[in-house]
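What follows is one structure encoded as structure tokens, with my remarks underneath.
So that the names make sense, note that chain A is the first sequence line, chain B the second, and so on, each numbered from 1. Quantities reported herein were computed from a predicted structural model and do not represent experimental measurements. Both backbone and side-chain heavy atoms feed into the values below; hydrogens, waters and symmetry mates do not.
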Number of protein chains: 2
Amino acid sequence: MPARRAIDHACPIRDVLDRIGDAWSLLVMIELAKGPCRFNALRRVIDGISQRMLSVTLRHLERDGLVSRAVLPTAPPQVEYTLTPLGHSLIDRLEPLRQWAVAHQGAVRRARAEFDTRVMDPAT
Amino acid sequence: MPARRAIDHACPIRDVLDRIGDAWSLLVMIELAKGPCRFNALRRVIDGISQRMLSVTLRHLERDGLVSRAVLPTAPPQVEYTLTPLGHSLIDRLEPLRQWAVAHQGAVRRARAEFDTRVMDPAT
DNA sequence: CCGTATCCTTCTGGATACTG
DNA sequence: CAGTATCCAGAAGGATACGG
């Protein structure tokens, strides 16, 4: 995605999509929705995320008030991440979308297959 | 966004976000939700989209069965794009998300401001 | 009018190495 | 353990030119 332009501010939903549309934010939030979790624990369970992107993603979410960060007074220091009420309210609103995906994934797959054969197949 | 990896298929909502999370798909769908529209008309109203990205985006949406393409038998040839019922059902499901964005954009902005001062400010 | 093809810049994000 | 810094490959996307 390129840098956001002026037009984007016109649509509030764009702000949300910019926040959760990337590869990892949603996955991290879903994981944290199950309960608080520490950095490396998240890293293990998310599978495939690089240390850098987990760090970047968590910072982003924390900045937007969707995730909170707590340094536990232990030695060695542990850091626990928790989904905030705001974060919970967001993933709740994502539920209809998930249901749509489940309900219509068959239709989309079929549309794709039909499109691919129609475009690839030169037989008119 | 990087190329999708194996893990992504585990989450149906990822498929949806990959479809509407990019910069233009949503804007195009919102525009088409108002009614059928031709290529250059879309291009004018979307403002900022390049000819290439409009073409790519429309093809993507058409492939997924969210938009249909009709070549009108006029001279010069005109092409009309229409949001399918499937496409309509998807943007309907986006409404709760839009409402969330509107309702909480203040909270997010405040969280951001607080975060920025806290991180930037070396006091403590 | 409606696109596709090519080029080239910009941005994303993984790998790696190093701090508190 | 929990990150940050640097480097670099690859993908996204705008500009431009050309075809149906």
Side chain of [X], heavy atoms from C-beta onward: which of [options] has the nearest atom to it?
X       : options              : value
B:Trp24 : D:dG14, C:dC2, D:dT4 : D:dG14
A:Arg52 : C:dC2, D:dA2, C:dA15 : C:dA15
A:Asn40 : C:dC2, D:dA2, D:dT4  : D:dA2
A:Gln78 : D:dG3, D:dA2, C:dG14 : D:dA2
B:Met53 : D:dA2, C:dT4, D:dG14 : D:dG14

Does [N] have OP1 or OP2 sitting under 4.0 Å from an N or O in the side chain of [X]?
X       : N     : value
A:Ser55 : D:dG3 : no
A:Arg69 : D:dA2 : no
B:Arg59 : C:dT4 : yes
A:Tyr81 : D:dC1 : no

Given atom [atom1] of [X] and atom [atom2] of [N], what is their separation to the nearest angstrom?
X       : N      : atom1 : atom2 : answer
A:Leu58 : D:dT4  : CG    : P     : 10 Å
A:Gln51 : C:dG14 : CD    : P     : 12 Å
A:Arg43 : C:dG14 : CZ    : C1'   : 11 Å
B:Asp22 : D:dG14 : CG    : P     : 11 Å

- Query: Is A:Glu80 close to A:Phe39 at the side-chain level, that is, under 4.5 Å between some pair of heavy atoms?
  - Reply: no

- Message: Is the shortest side-chain heavy-atom distance between B:Leu42 and B:Leu32 below 4.5 Å?
- Response: yes

